[in-house]
Every structure is written in structure tokens, then in C-alpha cells.
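Report on one structure; see the data block that follows.
Note that the structure is predicted; figures quoted are calculated from it, not measured. We count ligands from 1, going down the list as the structure has it; atoms in each ligand are counted the same way.
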Amino acid sequence: MSYILDPAWHAERERLENISGLYDPGTTEICTRLGLTAGWRCLDVGAGTGGVVRMLAERVGPEGEVLAVDADTRFLEPLAGGPLTVRTMDVTAEPLPDSRFDLVHARLVLEHLAAPADVVRSMAAAARPGGWVVVEDLDWSTALTVDPPSEVHERVVACCHKVFAGTPYDASFGRRIPRLLRAAGLTDIGIRAVSMPLPADPEKGQPAWEMLVGQLAPRMLAEGLLTQADLDAFHRQWHDGETVGFGPLMVSAWGRRPV
Ligand SMILES: C[S@@+](CC[C@H](N)C(=O)[O-])C[C@H]1O[C@@H](n2cnc3c(N)ncnc32)[C@H](O)[C@@H]1O
């Protein structure tokens with residue numbers, strides 16, 4: 001498995017919940033548009049803290065089914081019950097259940113994998129004929145968009161890219177999703193891309209940026225990519241109450257398994 005973010009980091013749950021808060025409304029909107037309704041069978045790949053599977057379980061109701069798979073299911077286990085089943089699984093090592101689901105979803109998982117096309121194919125095979133596959137991942141093309149211009153933000157984002165460079169993480173993965181869906185034989189491809197406004201807050205800071213960088217900071221410091229003073233300046237900036245940044249582009253794309 002090639003996941004670069006340390007699952008044992010002390011604030012990992014908080015970081016994943018922040019991601020959920022930012023992106024769950026968009027995911028819900030897409031699933032609704034695709035017809036998510038009572039009785040559907042859904043699969044969420046790399047379900048994290050379960051924001052999406054909770055929404056899916058509510059929508060499919062008791063006659064539906066939701067399977068949450070993740071390599072690390074510690075945050076998901078307490079949610080199991082009713083339509084929701086949790087399974088520990090490395091999706092790069094095991095195939096997903098075949099031809100079963102009305103909706104197969106993965107968010108912020110495939111961008112980490114060394115061979116994402118294999119998992120897209122596995123997701124396509126897990127959809128029933130006529131079922132939907134939705135893949136959502138970031139594309140860092142908008143990550144430097146910040147006002148007022150910030151040298152420290154630029155330096156820290158450049159360091160993130162240096163850390164990524166030694167790993168399978170693909171910071172341009174988002175733009176590749178539609179092509180991968182087509183290559184997996186899916187049709188009726190749809191695409192949406194959104195960059196979230198991430199304003200600095202004097203009290204809360206900007207958790208999306210600060211927690212990601214907090215996760216990567218030990219590696220950045222150990223490799224001498226930046227100094228503690230750089231990190232302090234970065235955190236100060238996201239508490240200044242003035243800076244407005246925009247997050248990496250969240251690219252969501254979906255396609256349908258041919259009948
Ligand atoms: C950044 S989190 C995203 C969580 C959730 N999908 C969301 O968007 O809120 C990535 C998740 O993918 C899981 N993951 C990473 N590699 C995996 C693999 N090879 N098989 C299964 N899960 C994996 C991690 O354990 C983590 O829960």
C-alpha cells in the first residue's frame with residue numbers, strides 16, 4: 001500500500017473530518033443527480049471517517065445496502081449496522097465484489113495509489129450493468145491561488161510537491177480521472193471541478209491547509225525542505241483574518257457501466 005499520510009498522526013481523525021465537511025455537500029449533490037434513492041446498493045472505497053457512507057446509508061434506507069471499505073477501518077467500525085457494512089481491505093491487493101452496486105464511489109484515495117487505473121477497473125467491475133462509478137480527487141493546479149500574495153504559502157506548497165515527488169502521490173491526478181473512467185469502459189461521463197475558498201480565521205486558522213501541512217511537517221523538517229520559522233510564519237498567515245486562499249481543485253467525474 002502506498003498511502004503517504006500517516007494514519008497514526010495525532011489529529012488524523014480531525015483532518016479527515018475537516019475534509020468531509022468541505023466536500024460532503026458536493027458528493028451528496030452528485031450522488032443525488034445520479035439518482036441515489038431508497039433501496040440502492042452502494043460501495044465507498046477508502047471511506048475514511050464515514051461522512052459519505054453515513055449520507056448513503058440514510059438515503060438508501062433499510063432496504064438498501066452500503067459497503068464501506070478501507071485499509072484502516074478504525075473510524076468506520078462504530079458506524080456499522082442497519083444498511084451499513086464495514087470491511088477492512090487494501091483495494092490495491094484484493095478485488096472489490098463483482099457486478100453488485102448501483103453506485104461505487106471513491107474520494108481522495110486514487111490520487112495516492114501507484115496503479116490507480118487498476119482500482120478504477122476494479123470499481124467499474126463492482127458496478128452492476130447500468131450502475132455508476134464516481135471518482136473524486138484533487139488537482140493542485142489552483143493551490144497557489146491566494147490573496148494577498150504570499151511568499152510563505154508558495155514556499156510551503158512547493159515543499160508539499162517535493163514531498164510528493166518521492167511517493168506515488170500524483171498532484172495532477174484530478175485532471176486524469178475522466179480519461180481513466182473512459183479507459184475502464186464507462187460511458188455517459190460527467191465532470192465537475194470546484195476549488196473551495198479557504199479563508200484565514202483568527203481563531204480557527206485554516207484547518208484544511210494547516211492540518212495537511214501539519215501531517216507532512218515532520219518529513220519536511222527532517223529533509224531540510226523548510227525551517228520551523230517557515231512553518232510558524234505559515235500558521236501565522238492562516239490566522240491573520242485577512243488572507244483568502246483557494247484549495248486544490250476537487251475534480252469529480254462519473255461514468256456508467258454499459259448495460
Ligand atoms: C484522505 S482519506 C479520504 C477519506 C474519505 N474518502 C473522504 O474523502 O472523506 C483516504 C482514505 O483512503 C484509505 N486508503 C488509502 N489507501 C488505501 C488502499 N490501498 N485500500 C483501501 N483504503 C485505502 C485511507 O485509509 C483513508 O481512510
Problem - Side chain, backbone, both or neither: V91 near ligand 1, heavy atoms under 4.0 Å - result: both

Problem - ligand 1 contact on M89 by region, counting heavy-atom pairs under 4.0 Å - result: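 The answer is the backbone of M89.
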
Short N-O contact, [X] and [Y], less than 4.0 angstrom:
X	Y	value
E29	R33	yes
R107	D137	no
R54	E58	no
R192	E136	no

Any N or O on [X] sitting closer than 3.5 Å to an N or O of ligand 1?
X	value
D44	no
H112	no
A71	yes

From the options [options], select the one whose nearest heavy atom is closest to [atom].
atom	options	result
atom 9 (O) of ligand 1	R15, E17, R107	R107
atom 25 (O) of ligand 1	V119, D70, D72	D70
atom 6 (N) of ligand 1	G46, G21, S20, G48	G46

Exercise for the section: Look at the rings of F234 and H153 and say which category their plane angle falls in: under 30° parallel, 30 to 60° tilted, over 60° perpendicular. Expected result: parallel

Problem - Under 4.0 Å to a heavy atom of L16 - the qualifying atoms of ligand 1, by number - result: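 Once the distances to L16 are compared, the set is 1 (C), 2 (S).
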
Problem - Ligand-side contact atoms (ligand 1) for residue partner D90, heavy atom cut-off under 4.0 Å - result: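 With D90 as reference, the close atoms of ligand 1 come out as 18 (C), 19 (N), 20 (N).
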
Practice task
For R100 and A126, indicate whether the former's side chain and the latter's backbone hold a donor-acceptor pair under 3.5 Å.
Solution key: no

Practice task
Could you tell me whether a side-chain N or O of S99 sits under 3.5 Å from a main-chain N or O of R128, the two making a donor and an acceptor?
Solution key: no

